[in-house]
Structures are given as C-alpha cells and as structure tokens.
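Beneath this line is the structure, given in structure tokens, with notes to follow.
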Amino acid sequence: MRRRKAGELSIEQTRDLARVRAMLTDAGLMTDGVDWPAACYLLGYLGDDPVGVIGVEPRLDRALIRSLYVTPAMRKRGVGAALVAAARKAAHTRGARALYLFSTDAGAFFQRFGFAEAPVAGVVETLRGVPQVDYYLARPDEFAREAAYHLDISEDGVIRR
Ligand SMILES: CC(C)(COP(=O)(O)OP(=O)(O)OC[C@H]1O[C@@H](n2cnc3c(N)ncnc32)[C@H](O)[C@@H]1OP(=O)(O)O)[C@@H](O)C(=O)NCCC(=O)NCCS
C-alpha cells in the first residue's frame, strides 16, 4: 500500500467497511447498503488520520454518490471537494456517464461542481436497484425530504484534438 505522508491529504478506495460504517454512524448518516458488493467507498486521510468518506453506487452507465462526510475539524479545507472529485473519477472508471445524488440540505454544495436539481421520481427510476434508492423507496416519509441532483460526466476523460 502507498505510504501516506504526514500533513498531506490522500484519498483511497477502501475495503475497511467497519471504518466507513463507524464514521457514518458518528455523523448520524445511514449505513444501510454500505456492504453492497458493487459499491465503492473512498476514505480521505490527512496523514494517517481518516477525515472523510464518500460512497459510489454504480448501475450500468450511471452512478449514485452518497454518504459524503468530512469530520468537523477538517472542514473548509477542500476535503469535501476532493472526495467529490475522487468519487466522480471512480464512477467514470466504472462506466458511468451520469452522476446522481440525493440531499436534504447540501444541494448548494454540490451545485458548485455543476450538479443541477432533477426530478426525484425520474432519478429513482433511473437508479432502481441501488441500495440508497431501495432504502428510500421503503421509507417514503424520509424520502419526501430529499431533493435529487444530476451531473453529466459523459465527457470526462474525452480528449478533443
Ligand atoms: C458538506 C461537507 C462534506 C463539505 O465538506 P468540506 O470539506 O468542508 O468541503 P470543502 O472544503 O470542499 O468546501 C467548503 C465550502 O462548502 C460550503 N458548504 C459546506 N456545506 C454546505 C452546505 N450544506 N450547503 C452549501 N454549502 C456548503 C462551505 O460553507 C464552504 O464554503 P466556502 O468555500 O465559501 O468557505 C461537510 O460540511 C459535511 O460533512 N457536512 C455534513 C454532512 C453532509 O451534509 N453531507 C452531504 C450529504 S448529501
């Protein structure tokens, strides 16, 4: 494994789902579906300290990003943006041409990266079968509070000459 440098932010795909679950539980975020085999979880480290997490749930040529969290002491230093960028790359690598997410009150954060609000019902249809969507479909009251966001990533990695 690559050695982490003190004071340097690194983002790594992880198999340590216990750590992911612990971080999300501390944050009060849902952990259902974290162990879905197709999912990808990324941890952000400052040196050797875990400081943030994000998950990607791919489905065919699209992917949902979820479970973004940065520890309070480490916020406003670009860790959140770096995790979103890494999740975008991970989704692209898995064949996604479109990226989606649900959020109650962080929509303005994601709009910084080009995400635009999209009708929730359409996003649910497009992603049926991924754990976070199935979780919400089983809990309509929780779901009613969510807004959905979409970003076209079909041009990621395209080289124009
Ligand atoms: C949202 C979150 C991941 C941002 O992490 P971060 O490491 O601070 O992000 P960055 O440093 O890249 O960006 C910080 C900027 O985003 C803004 N921001 C943070 N949360 C925001 C929100 N909910 N809505 C709008 N803007 C937000 C900050 O005010 C800051 O703005 P500035 O650059 O003008 O000072 C972090 O605040 C967090 O973990 N929040 C609680 C969990 C959460 O809301 N997750 C999203 C679930 S969908």
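Numbers here are sequence positions counted from 1. Counting convention: from 1, in listed order, for ligands and their atoms alike.
- For the residue pair D16 / T14, no side-chain donor-acceptor distance below 3.5 Å is found, with atom types taken as modelled.
- Neither V133 nor I65 shares a network with the other; the hydrophobic side chains, linked directly or stepwise wherever heavy atoms of I, L, V, M, F, W or Y lie under 4.5 Å apart, form separate groups for each.
- For ligand 1, the protein residues placed under 4.0 Å by at least one non-hydrogen atom are L68, Y69, V70, R75, K76, R77, G78, V79, G80, A81, F102, S103, D105, A106, A108, F109, F110, R112.
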When you look at R66 and Y100, which way does the side chain to side chain donor-acceptor pair (under 3.5 Å) test go after all the steps?
CA-CA 9 Å; R66 58 168 279 186; Y100 298 89; over 6 Å; no

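- Ring to ring, F115 and Y149 are not that close: their centroids are 6.0 angstrom or more apart.
- Using the six-membered ring where Trp is involved, F143 and Y136 have ring planes that are parallel, under 30° apart on the 30 and 60° scheme.
- Under the rule for a side-chain contact (heavy atoms from CB on, under 4.5 Å), the partners of D134 that lie at least two apart in sequence or sit in another chain are L137.
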